[in-house]
Asks: 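First the structure, which I've put down as structure tokens, then a few questions once you've had a look.
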Amino acid sequence: MVDLGGLNPQQREAVQTINGPVLILAGAGTGKTRVITCRIAHMIHRGIPPGQILGVTFTNKAAREMLERVNQLLRGARRSSTAHEGSEKADRPTLSTFHSLCVRILRQYIDRLGYKRNFVIYDESDQLGAIRKILSRISVKGEKADPAEVLGLLSRHRNASPQGKSFDNPNVTALAEHVRKHYESALRASNAVDFDDLILLTLKLFREHPDVLDACRRRFRYVMVDEYQDTNAAQFELVHALTREHRNFCVVGDDDQSIYGWRGAEIANLLDLEKHYPEVKIIKLEQNYRSTNTILTAANAVIKNNARRRLKKLWSSHGQGEKILLSVHENEEEEGRAVADAIECDRMVRRIPWRDQAVLFRTNIQARPLETALRQANIRYRLVGGQSFFDRREIKDFLAYLKVVFNPHDDVSLLRIANVPARGLSEVTMERLLAASQERKSSVYTAMRHTDVQARFAARTQESIRDFLELLEENHALLQHEGAVDLSLWAERLLAGVDYYGELRRSEKNPETAENRVRNLKDIVATMDRMPPAPHPLERLEAFLEELALDRDRETDDQNESDAVTLITMHSCKGLEFPHVQIVGIEDGLLPHSRSKTEGTLDEERRLFYVAITRARKTLKLSYCAGRKKYGQLAPCHPSPFLQELPADLVESSEDQGRRPVPGNEGKSLFASMRAALET
């Protein structure tokens, strides 16, 4: 018999309710995975054939882990079970993603739709290739459309419910409908399907061939769906088709954690379940096994402000716990240093390792000042679900320019930026120059300066080579004079002189992305004059490049270290938990995001804050800035309205606590100085 002794009464009820439609409202940290696996094992032990059980989740990893946990439970129960040995392999439940399930069905029946069973599945690069060919044949009001944007738009259009297929811009809707016809024809001609097709074609198969649907219903007599709040219209229709007759349908989810509306998830699938299954039994899991009651009470207080939700109230047996610490900072650099200070204070005073700490933020661009502060404090970290600030194209280009001005014989850096922005030094030209440098056993820069090498090229290319050499030599000369040269001002002039900002705006189809890249550059340029004073500008530039190089080397050395702080966006943190959490940038315009007011997604932004709060197990720190830099200028910020929803008695304010530099240690954080003293 499957041991249910460790379950609380609500969990046990969810496990033992087998027949009919069931909605398990599983709040954050309430043990839903254990309930799902125990429920499947209990069903099998009760005599339901494993082959009739279907469990659907959103990742292959989650499906594999569930199957392994079910098998472990069954192995423990077999000591007193009459189930024959080997049944685990011969007949086991189907635990898969939506897409894996549909592949199985289509491999068996897709010939009914005119496809061959050996169809290929297009990945994103294949899809983009098909979209590019289509866009090359059609015009979109004289503008060149971005294939990736069109593909995302097309996916939303194909998966949306009928009432959601029209977008705010009628031209966008018309484009989606026009491209869809060509795109689907192109895939069909290649006997190919994409990931959206896997579900859409399965639905088409069910509608046009009722015998196939009937066979699938007989096969899967008991259906469970995890993370139900994240399903889109097509996924809902698929599940509804399979369960409409036998109605043995169990969904597990939490409307308060529905944060993926921007990629098609429809929270109404969970909120309006009674419209399709009036007899549904609702079981609430509210006992949280993760957090303190202070954290949970704060989360409950925030989320109750969403009017359209299913009522639930998380609680814990872990005690009240520490108060939530709220701090305000002058700007994002100060906020980053405060984060680093708090992490090091906890490590030295409370013996909390780096791996137990996480920093959460709303947008990827917020990672930059955090990375900078952690690097300066020699704190190891890992950035989850995003690109490191120093790996971004614009940052690598900028640093390559600095390296070449400092040392023009740096071939790698020179080859990177020789034609960025385009200046007539094509890849073919640079390959020939590289070959010439190899012949002469010299740097590319040295080869470029030789008139006999220049003579190998056409007149226009020769002029481009000379102009590039002049650019490098003039900027190097500016830094050769001793005195107070403003490095950041010099760098801005360099970027303006090559029109690099213009290059970013021209090369990015999305204006917001382009402006974010411009902002990244201006932010790093602004840090150049924070280097320790040196008599020679070239020495200051050398120190700046050296510090960044050492940071990169340290990051490479520490990649395999398990003891590291986690930097992660709020969207990426769902499903995770950390003993100690800091949430930064809780400002109006970031959280809730500025787009939420026009797009009507304020409730989803509040759910995102709720998800972030409930990642914390023991302590929670919140912060916001009074100002944040935009294009090098400090713009005023206002605290998020969500902060006003927190109970005042649970929040403790921290005014400049541990954030000011120690006299004589300007440029170093308080706890960086403390650590240096302690480790000496």
Asks: Are any side-chain N or O atoms of R347 and backbone N or O atoms of I352, one a donor and one an acceptor, separated by less than 3.5 Å?
Replies: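 No: the side chain of R347 does not pair with the backbone of I352.
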Asks: Please determine whether a side-chain nitrogen of the Lys or Arg among E577 and R290 lies less than 4.0 Å from a carboxylate oxygen of the Asp or Glu.
Replies: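 A salt bridge is present here (some side-chain N lies under 4.0 Å from a carboxylate O).
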Asks: Could you note down all residue pairs passing ring-ring contact (aromatic ring centres under 6.0 Å, His included) where residues 272-316 supplies at least one of them, sequence neighbours left out?
Replies: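 For residues 272-316: F236-H276, H240-H276, H240-Y277, F249-Y277.
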Asks: Looking at V193, T97, I105, which hits side-chain contact (heavy atoms from CB on, under 4.5 Å) with L198?
Replies: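 That would be V193; it is the only one of V193, T97, I105 passing the side-chain contact (heavy atoms from CB on, under 4.5 Å) with L198.
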Asks: Exactly one of L106, I110, D197 should register a side-chain contact (heavy atoms from CB on, under 4.5 Å) with Y115. Which one does?
Replies: I110
Asks: I would like to know whether Y381 and V359 meet side chain to side chain contact (heavy atoms under 4.5 Å, CB included); could you show each step before the answer?
Replies: CA-CA 10 Å; Y381 68 89; V359 186; over 6 Å; no
Asks: Taking N19's backbone N and O only, do any of them form a donor-acceptor pair with N248's side chain (distance below 3.5 Å, no angle check)?
Replies: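 Not at all, since once roles are kept as given, no pair shorter than 3.5 Å links the two residues.
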Asks: Looking at R46, I'd like to know if its CZ atom is crowded, meaning that more than 12 non-hydrogen atoms belonging to other residues, nucleotides or ligands lie closer than 6.0 Å.
Replies: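 No, CZ of R46 has 12 or fewer neighbouring heavy atoms, counting only those of other groups under 6.0 Å.
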Asks: Is the shortest side-chain heavy-atom distance between C250 and Y222 below 4.5 Å?
Replies: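 No, their side chains stay 4.5 Å or more apart.
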Asks: Taking only Lys NZ, Arg NE, NH1 and NH2, and the carboxylate oxygens of Asp or Glu, determine whether R308 and D603 approach each other closer than 4.0 Å.
Replies: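 No, this pair does not count.
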Asks: So, H580 and T619: side-chain donor and acceptor under 3.5 Å apart, yes or no?
Replies: yes
Asks: Salt bridge (charged side-chain N to carboxylate O under 4.0 Å, His left out) between D588 and K597: does it pass, once the steps are laid out?
Replies: CA-CA 11 Å; D588 196 11; K597 297 174 183 177; 3.7 Å; yes
Asks: Short question: side chain of N300, backbone of L296 - any donor-acceptor pair under 3.5 Å?
Replies: yes
Asks: Taking 4.0 angstrom as the limit, do K284 and E13 come out as a salt bridge?
Replies: no
Asks: In terms of side-chain geometry, is the basic nitrogen of D256 or R607 positioned less than 4.0 Å from the acidic oxygen of its partner?
Replies: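 A salt bridge is absent here (no side-chain N lies under 4.0 Å from a carboxylate O).
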Asks: More than 12 heavy atoms of other residues, nucleotides or ligands under 6.0 Å from NZ of K323: is that the case?
Replies: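 Buried by this count: over 12 neighbours within 6.0 Å.
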Asks: Distance-only, no hydrogens or angles: does the S596 side chain make a donor-acceptor pair with backbone N or O of H593 under 3.5 Å?
Replies: yes
Asks: Does NZ or CZ of R107 lie under 6.0 Å from the centre of the six-membered ring of F119, at an angle within 45° of the ring axis?
Replies: yes
Asks: Can you tell me if F58 has over 12 outside heavy atoms packed within less than 6.0 Å of its CZ?
Replies: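 It does: F58 CZ has more than 12 such atoms within range.
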Asks: Taking the side chain as every heavy atom from C-beta outward, state whether V225 and V252 have any atom pair closer than 4.5 Å.
Replies: no
Asks: Give a yes-or-no answer on whether the side chains of N269 and T231 include a donor-acceptor pair shorter than 3.5 Å.
Replies: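 Result is yes, a qualifying pair exists.
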Asks: Less than 4.0 angstrom from a charged side-chain N to a carboxylate O is my criterion; do R64 and E68 meet it?
Replies: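 E68 and R64: not salt-bridged.
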Asks: In terms of side-chain geometry, is the basic nitrogen of R112 or D211 positioned less than 4.0 Å from the acidic oxygen of its partner?
Replies: yes
Asks: Compare all side-chain heavy atoms of I36 with those of D226 and state whether any distance is below 4.5 angstrom.
Replies: yes
Asks: When you look at L242 and L54, which way does the side chain to side chain contact (heavy atoms under 4.5 Å, CB included) test go after all the steps?
Replies: CA-CA 10 Å; L242 289 172; L54 169 64; 4.1 Å; yes
Asks: Could you tell me whether a side-chain N or O of Q366 sits under 3.5 Å from a main-chain N or O of T363, the two making a donor and an acceptor?
Replies: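 Side chain of Q366 to backbone of T363: a pair is present.
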Asks: Could you tell me the separation between the CD1 atom of I283 and the CG atom of L25, rounded to the nearest 0.5 Å?
Replies: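 Answer for the CD1-CG pair, I283 versus L25, is 9.5 Å.
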Asks: Measure the shortest side-chain to side-chain distance between I48 and I18 over non-hydrogen atoms and say whether it is less than 4.5 angstrom.
Replies: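 SC-SC contact between I48 and I18 confirmed.
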Asks: Okay, side chain of Q11, backbone of N8: is any donor-acceptor separation there less than 3.5 Å?
Replies: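 It does hold such a pair.
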Asks: Check whether any side-chain heavy atom of L67 sits under 4.5 Å from a side-chain heavy atom of P93, and report yes or no.
Replies: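 With C-beta onward as the side chain, the pair touches.
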Asks: Strictly below 4.0 Å, N to O, side chains only: are R309 and D254 in salt-bridge contact?
Replies: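 Not counted as a salt bridge, because no side-chain N and carboxylate O are separated by less than 4.0 Å.
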Asks: Quick one: does S258's side chain have a donor or acceptor within less than 3.5 Å of a partner on I267's backbone?
Replies: no
Asks: Taking C-beta and beyond as the side chain, do Q582 and L370 meet within less than 4.5 Å on heavy atoms?
Replies: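 In short, these two side chains do not touch, never coming nearer than 4.5 Å.
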Asks: For the pair E237 and R207, evaluate salt bridge (charged side-chain N to carboxylate O under 4.0 Å, His left out) and give the outcome as yes or no after the intermediate values.
Replies: CA-CA 11 Å; E237 188 179 347; R207 287 191 296 267; 3.0 Å; yes
Asks: Is the side chain of E604 donor-acceptor paired with the backbone N or O of G261 at a distance under 3.5 Å, no angle test?
Replies: yes
Asks: Counting C-beta onward and ignoring hydrogens, is there a side-chain heavy-atom pair between I24 and V22 closer than 4.5 Å?
Replies: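 In short, these two side chains touch, coming nearer than 4.5 Å.
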Asks: Any salt bridge between E322 and R350, counting N to O under 4.0 Å?
Replies: yes
Asks: Looking at K574, I'd like to know if its NZ atom is crowded, meaning that more than 12 non-hydrogen atoms belonging to other residues, nucleotides or ligands lie closer than 6.0 Å.
Replies: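 Yes, the 6.0 Å shell around NZ holds more than 12 heavy atoms from other groups.
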Asks: Ion pair present between R310 and E274, side-chain N to carboxylate O less than 4.0 angstrom?
Replies: yes
Asks: Where is the tightest heavy-atom contact between G27 and L314, given as atom of each residue plus distance?
Replies: CA-CD2, 3.8 Å
Asks: Assess, by modelled atom type and distance only, whether the side chains of Q320 and T294 contain a donor and an acceptor separated by less than 3.5 Å.
Replies: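 T294 and Q320 do have a side-chain donor-acceptor pair below 3.5 Å.
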Asks: Is a donor on one side and an acceptor on the other found under 3.5 Å between the side chain of R39 and the backbone of T17?
Replies: yes
Asks: Does R606 come within less than 4.0 Å of E645, counting only side-chain N to carboxylate O?
Replies: yes
Asks: Walk me through it: do L567 and V384 pass the test side chain to side chain contact (heavy atoms under 4.5 Å, CB included)?
Replies: CA-CA 6 Å; L567 301 184; V384 178; over 6 Å; no
Asks: So that I can tick it off, tell me whether D356 and R617 are bridged by a salt bridge, with the cut-off set at under 4.0 angstrom between side-chain N and carboxylate O.
Replies: no
Asks: With respect to K312, which candidate in I303, T30, D255 satisfies the side-chain contact (heavy atoms from CB on, under 4.5 Å) definition?
Replies: D255
Asks: Does H246 use its side chain to pair, donor to acceptor, with the backbone of F220 at less than 3.5 Å?
Replies: yes
Asks: Starting from the C-alpha separation in whole Å, work towards a yes-or-no answer on side chain to side chain contact (heavy atoms under 4.5 Å, CB included) for T297 and L650.
Replies: CA-CA 8 Å; T297 303; L650 299 181; 3.6 Å; yes
Asks: Between the side chains of E587 and R362, is the shortest nitrogen-to-carboxylate-oxygen separation below 4.0 Å, so that they form an ion pair?
Replies: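 Answer for the salt bridge query: no.
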Asks: Tell me, do I324 and L622 make a side-chain contact under 4.5 Å, heavy atoms counted?
Replies: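 Side chain of I324 against side chain of L622, heavy atoms only: contact under 4.5 Å found.
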Asks: Under 3.5 Å, is there a donor on one side chain and an acceptor on the other for N293 and S316?
Replies: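 No donor-acceptor contact under 3.5 Å links the two side chains.
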Asks: For the residue pair E227 and Q229, confirm or rule out a side-chain donor-acceptor distance under 3.5 Å.
Replies: yes
